[in-house]
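Let me begin by presenting the structure, written as structure tokens, before commenting on it.
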Amino acid sequence: MASAPVMAAVGDRLTASWSHTPIRRPNDGTGTPPADGSAILDLEFPVGDEEQASIGSPGADIWRESGAARFILWLPVGAGVDGWDIRLDDLRRAFRGKQLGEVRMRAATPPIPFGPDDSGAFSLFSFSIAYEFDLVG
């Protein structure tokens, strides 16, 4: 899981950039089919790491967190992708190469289709964006 400042920065940008479906944040039902059968977007932070980025300044060393934010769009099977592909590209553009406060967003992967899910009701489309965040102390 990402640190709190990273989750807040990414979550705030997502809320400002995506109005097409409800959004589920980590530990808010992500990874499960939407109960009402409608499209939904999940935000997850599946990988992360931290390493020391500076040495010799006790108490003021820089620690660099790096990881990825993952976005998963759940679409009902048979809904097609017309229009959704453009919306996902717009969302990738809203994050790619952006500075979100102290969080630096990097490259975005193209959306990857997979599914149907275990229930057979949804196709999923996922992309990830790498990030870096420096902590002091």
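Both backbone and side-chain heavy atoms feed into the values below; hydrogens, waters and symmetry mates do not. Here the structure is a predicted model, which means the values were calculated and not measured. In this chain, residues are counted from 1 in sequence order.
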By salt bridge (Lys or Arg N to Asp or Glu O under 4.0 Å) - contacts of Arg96 (at least two apart): none
Connected hydrophobic set around Ile86, excluding itself, where side chains approach under 4.5 Å: none
Same cluster for Leu135 and Val6 if Ile/Leu/Val/Met/Phe/Trp/Tyr side chains link at under 4.5 Å? yes
Is it true that a side-chain atom of Thr109 and a backbone atom of Ser128 form a donor plus acceptor pair closer than 3.5 Å? yes
Suppose we screen for salt bridge (Lys or Arg N to Asp or Glu O under 4.0 Å). Which residues come up paired with Arg13, at least two apart in sequence or across chains? none
If the threshold is 4.0 Å, N to carboxylate O, is there a salt bridge linking Asp89 and Arg92? yes
Which residues satisfy the side chain to side chain donor-acceptor pair (under 3.5 Å) test with Ser17, sequence neighbours excluded? none
What pairs of donor and acceptor atoms, side-chain ones from residues 48-56 against any protein atom, are under 3.5 angstrom apart with sequence neighbours left out?
| from | atom 1 | to | atom 2 | distance (Å) |
| --- | --- | --- | --- | --- |
| Gln52 | NE2 | Ser54 | O | 3.0 |
| Gln52 | NE2 | Asp61 | OD2 | 3.2 |
| Ser54 | OG | Ile62 | N | 2.7 |

Using a 4.5 Å side-chain heavy-atom cut-off and chaining through intermediate ILVMFWY residues, the residues clustered with Ile40 come out as Ile72, Trp74, Phe114, Phe122, Leu124
Among residues at least two apart in sequence or on other chains, which ones pass salt bridge (Lys or Arg N to Asp or Glu O under 4.0 Å) with Arg24? Asp42
For Tyr131, enumerate each residue passing the ring pair (Phe, Tyr, Trp, His ring centres under 6.0 Å) test, keeping only those at least two apart in sequence or located in another chain. none
Please list all pairs passing the salt bridge (charged side-chain N to carboxylate O under 4.0 Å, His left out) test where one or both residues lie in residues 68-81, with sequence neighbours left out. Glu44-Arg70
Write out all pairs satisfying side-chain hydrogen bond (donor to acceptor under 3.5 Å, both in side chains) with one or both partners inside residues 75-85, taking only residues at least two apart or from two chains. none
Any chain of hydrophobic side-chain contacts (each under 4.5 Å) joining Ile112 to Val47? no
Whether Asp90 and Arg87 form a salt bridge (side-chain N of Lys/Arg under 4.0 Å from carboxylate O of Asp/Glu) is what I want to check. no
Which residues pass the ring pair (Phe, Tyr, Trp, His ring centres under 6.0 Å) test with Phe127, not counting sequence neighbours? Phe71
CG of Leu75 to OG of Ser38: how many Å apart, nearest 0.5 Å? 10.5 Å
Using the salt bridge (charged side-chain N to carboxylate O under 4.0 Å, His left out) rule, collect all pairs that involve residues 105-127, keeping only residues at least two apart or in two chains. Arg106-Glu132
Looking only at atom types and distance, does a side-chain atom of Arg25 sit under 3.5 Å from a main-chain N or O of Leu43, one as donor and one as acceptor? no
